[in-house]
Amino acid sequence: MRSSIFHLLFLLVFMGCSQKAEVYSPQAKDGILDLRNWDRDRFYTVALDGDWEFADGIITPENFTKDGFISVPGAWNSFTKNGKQHEGEGLGTYKLTVLLDKPVKDLAFQIGDVSTAFKLFLNGKLLIENGKIGNSREEMVPSYKHPIVLIDEESKELKLTLQISNFYHRTGGLRKSIKIGDTLAVFEEKKRQVALGWVVFGATFFMGLYHLILFLMRRVDKSALWFGLFCIDLSIRGFFTGSVFIYEVTPDSFWVYIHKLDILTFVLALPLFSVFLKAVFPDEKFHYYFNTLFIGVSSIFFILVLALPSTEYMNYIRIFQSFVGISIVYFFIMIALCIFRRREGAILFAIGSLILFLTTLNDILNQSLIIKAEYLASWGLLAFLFSQTVMLSVRFSNAFVRLEELQKSLEQKVTERTKQLEEAKHIAEEANSLKDTFLSLATHDLRSPITTVIGILHLIKNDYDQLDDESLLEWVDRAEYTSSQSLEMIATLLDLNRLKSGSFPLDNSLIYVYPEVEGVLAKLLPQAEAKKIRIINKIPDDVKLNVDRALFAEIFINLVSNSIKFCRENDTISIGFSNKKNDPEFFVEDTGIGIPKDMIPNLFLTEIKSTRLGTKNESGTGLGLPLVYSIIKAYNGKISVESEEKKGSKFTFCIPRV
């Protein structure tokens with residue numbers, strides 16, 4: 001049993017090491033990276049590593065003059081100009097020219113760690129600003145986001161200029177690689193990083209939670225308590241590394257506090273591990289003194305991180321990192337003594353610790369460009385936590401009697417079944433509510449048009465002999481129009497119901513927005529021309545969005561047709577776009593008759609009909625705006641409306657980038 005566990009742990013870590021993947025890693029020389037032999041069918045992304053041109057200070061692309069060359073990835077602290085070494089805090093501008101064999105579209109950059117704010121230019125054009133660069137700590141806003149930047153032009157020569165300011169970290173510059181590749185490949189690689197981060201978080205967090213629950217059930221053995229807290233600390237720390245999830249989702253203005261939390265999780269890991277080791281091997285009395293030392297030193301650094309600005313406490317953290325390195329040596333010596341003294345669980349503890357150490361060393365060497373291999377620390381962490389979980393499980397299984405095991409199993413099954421029943425009940429109630437809403441809408445909204453059609457048919461039947469051909473055709477046209485409206489209403493109701501129930505499949509793809517909107521306007525052009533309404537499409541040609549093409553068009557069909565309905569002759573409708581908050585925001589604005597204030601709160605509700613006749617007595621179903629609202633909500637977006645009677649209305653909606 002024990003040997004099979006050891007075998008499993010070793011396989012978990014070294015399985016990936018045995019598979020050698022083909023690598024394409026050209027290096028930039030003298031500020032030029034030659035990718036003319038890049039086979040994009042085999043190597044989807046390429047790191048822009050090597051020697052970049054570098055200039056001290058913030059230099060515009062057109063005025064750039066190099067002070068020398070600097071290795072990327074790496075900090076600029078070692079760069080020397082006129083015999084003076086560049087400090088960690090300060091300014092700098094990087095430049096690299098990338099040569100391609102031909103102009104390529106649908107390329108993107110994946111930005112790594114940059115300390116700590118930057119502007120990226122491509123061929124002199126600003127692509128993105130991450131954080132806010134400035135000439136002092138007060139002027140700049142730091143950021144650790146790792147954005148994906150789409151390349152919006154096709155050229156055989158890509159000239160990258162990167163302006164960086166750093167007054168918040170002890171090391172500055174382009175610390176991690178920038179990668180270039182096909183847009184979809186870059187997004188997929190980002191998704192894999194995020195997925196791995198969530199796997200590690202889920203495993204570590206629930207391991208921690210599980211052991212905290214075990215401690216609450218049986219408080220005699222405190223090893224479960226300290227191991228649970230250690231796991232939760234590591235799970236939280238996972239949000240600050242790898243895909244840097246916390247930095248990605250929080251505003252840059254919170255960077256100072258997030259970075260403190262980042263470092264504090266690292267500082268807390270040492271005393272938590274030491275206390276856990278003390279609880280697992282309580283017979284090693286000498287560890288009591290070292291445990292007190294670890295807690296004391298960590299407490300000092302904890303206070304320093306809380307009290308000092310980042311540039312100062314990061315200098316002290318270097319000392320703490322050295323202390324941690326010495327502590328690791330001590331931990332291995334102690335574990336070796338425990339193995340020698342045949343302490344329970346010592347071998348499992350040693351194997352997990354060794355795997356974590358080796359995989360972490362692999363990542364450090366890989367990050368330092370000493371070796372080229374896969375990053376394995378996340379898997380090493382899981383292997384370590386798994387080994388400790390197995391060890392603690394063995395210890396607890398020896399402590400519990402059979403009756404307690406059966407009782408806990410029964411209680412757990414009852415809890416799970418109750419939860420399953422509650423979930424099933426909740427799903428059934430939601431489905432029943434959706435059914436009732438749909439039936440209510442269908443019976444209410446279809447009764448009127450069906451009654452109208454029946455009335456027209458009765459009229460034709462009773463007065464057929466008195467009706468001439470022209471009158472007869474007019475009544476048939478009315479019946480056809482009413483039936484068409486009913487059919488449109490049914491389709492809209494079905495779409496609404498499926499969107500609300502979550503059964504509507506979203507066939508997402510990357511589209512250019514401008515031509516899609518133009519296609520919608522072409523369909524609505526006859527209606528607009530009939531009322532001499534001018535429609536202006538101000539959306540830029542290069543705006544892209546990953547959405548369902550049909551549903552996205554449905555938004556504009558309903559909003560623009562609504563504007564046409566309530567516009568007078570010679571009014572104007574404008575369709576525009578803004579990207580102020582990194583998420584695309586669109587608007588449809590008209591100079592029509594506006595919307596009464598008492599109708600605005602109910603515009604997007606299906607339960608309350610918000611419909612009225614247009615400026616030429618056009619009628620509607622009242623379901624167009626609720627459909628628009630449901631589509632936007634399906635993408636976790638937002639929609640708002642501003643209107644003033646007799647002056648016009650403006651609908652603004654935002655769909656987050658995926």
Side-chain angles (χ1 to χ4, degrees), residues 21-29 31-53 61 64 72-73 93-114 118-130 145-164 174 176-194 243 248 508-516 539-547 549 577 579 582-584 656-658:
E22 197 174 2
V23 177
Y24 177 65
S25 56
Q27 296 291 303
K29 296 181 180 179
I32 298 175
L33 180 61
D34 191 349
L35 297 182
R36 286 176 290 190
N37 62 343
W38 176 21
D39 186 350
R40 284 179 291 277
D41 293 330
R42 294 171 59 199
F43 309 103
Y44 300 117
T45 61
V46 180
L48 306 183
D49 295 346
D51 295 331
W52 290 43
E53 296 180 75
F64 182 85
V72 173
T93 304
Y94 290 72
K95 185 176 182 181
L96 177 71
T97 300
V98 180
L99 303 179
L100 302 174
D101 58 342
K102 61 182 178 180
V104 181
K105 61 181 179 179
D106 293 332
L107 291 179
F109 295 120
Q110 169 65 69
I111 312 296
D113 284 351
V114 179
F118 68 86
K119 279 186 176 181
L120 176 64
F121 297 82
L122 178 62
N123 295 340
K125 179 181 177 182
L126 178 63
L127 289 185
I128 189 174
E129 181 173 12
N130 204 36
K145 291 181 171 64
H146 293 174
I148 293 176
V149 185
L150 300 180
I151 300 176
D152 58 356
E153 63 176 83
E154 301 177 29
S155 175
K156 294 174 63 175
E157 189 173 277
L158 304 177
K159 295 183 178 180
L160 281 73
T161 305
L162 195 67
Q163 300 174 345
I164 302 176
L174 191 50
K176 294 289 182 68
S177 300
I178 293 179
K179 291 186 178 182
I180 187 174
D182 292 335
T183 302
L184 291 178
V186 172
F187 274 101
E188 286 297 322
E189 188 169 327
K190 178 78 170 180
K191 285 167 62 178
R192 283 194 295 271
Q193 291 177 356
V194 173
S243 61
E248 294 276 15
N508 294 335
S509 61
L510 193 63
I511 64 170
Y512 283 92
V513 175
Y514 180 83
E516 296 298 325
I539 298 176
D541 296 343
D542 58 348
V543 177
K544 300 178 183 178
L545 202 59
N546 193 29
V547 291
R549 188 187 303 271
F577 166 83
N579 199 21
N582 291 330
D583 282 331
R657 295 189 186 277
V658 180

Looking at every non-hydrogen atom in both residues, tell me the closest pair between [X] and [Y] and how far apart they are.
X    : Y    : result
I148 : F187 : CD1-CD2, 3.7 Å
P61  : T161 : CB-OG1, 3.9 Å
V186 : A108 : CG2-O, 3.8 Å
D49  : S177 : OD1-OG, 2.7 Å
N546 : S509 : OD1-C, 3.0 Å

Are side-chain heavy atoms of [X] and [Y] found at a separation under 4.5 Å?
X    : Y    : answer
T45  : E189 : yes
T93  : F64  : yes
H146 : D113 : yes
V46  : K179 : no
V104 : E154 : no
D39  : Y24  : no
I180 : L35  : yes
Y514 : P540 : no

Looking at [Y] and [X], is there a salt bridge between them, counting it only when a charged N and a carboxylate O are closer than 4.0 Å?
X    : Y    : answer
E188 : K190 : no
K105 : D182 : no
K125 : D152 : yes

Margin query: Would R36 pass as a cation-pi partner of W38, given that its NZ or CZ must be under 6.0 Å from the six-membered ring centre and within 45 degrees of the axis?
Written below: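 No cation-pi geometry.
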Next item on the list: Determine, step by step, whether L545 and L510 satisfy the side-chain contact (heavy atoms from CB on, under 4.5 Å) criterion, reporting the C-alpha distance in whole Å, the side-chain angles of both residues, the deciding distance to 0.1 Å, and the verdict.
Entry: CA-CA 5 Å; L545 202 59; L510 193 63; 5.8 Å; no
Notebook entry, point to check: Does T183 use its side chain to pair, donor to acceptor, with the backbone of D106 at less than 3.5 Å?
Noted result: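 Such a contact is found between T183 side chain and D106 backbone.
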Notebook entry, point to check: With no hydrogens and no angle check, is any side-chain donor or acceptor of S155 less than 3.5 Å from a backbone partner on E157?
Noted result: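 Yes.
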Next item on the list: Evaluate side-chain contact (heavy atoms from CB on, under 4.5 Å) for L150 paired with F109, printing each intermediate quantity in order.
Entry: CA-CA 6 Å; L150 300 180; F109 295 120; over 6 Å; no
Measure the [atom1]-[atom2] distance between [X] and [Y] for me, rounded to the nearest 0.5 Å.
X    : Y    : atom1 : atom2 : result
W52  : I32  : CH2   : CD1   : 13.0 Å
D542 : I151 : CG    : CD1   : 13.5 Å
L127 : K119 : CG    : NZ    : 12.5 Å

Next item on the list: Kindly determine whether F118 and I128 satisfy side-chain contact (heavy atoms from CB on, under 4.5 Å), including the steps that lead there.
Entry: CA-CA 8 Å; F118 68 86; I128 189 174; 4.0 Å; yes
Next item on the list: Would you indicate whether K145, at its atom NZ, is surrounded by more than 12 heavy atoms from other residues, nucleotides or ligands within a distance under 6.0 Å?
Entry: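 Yes, enclosed.
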Notebook entry, point to check: V547 and I511: side-chain contact (heavy atoms from CB on, under 4.5 Å), yes or no, with the steps?
Noted result: CA-CA 7 Å; V547 291; I511 64 170; 3.6 Å; yes
Got a list of side-chain donor-acceptor pairs under 3.5 Å for residues 94-101, not counting sequence neighbours?
from: Y94; atom 1: OH; to: L174; atom 2: N; distance (Å): 3.2

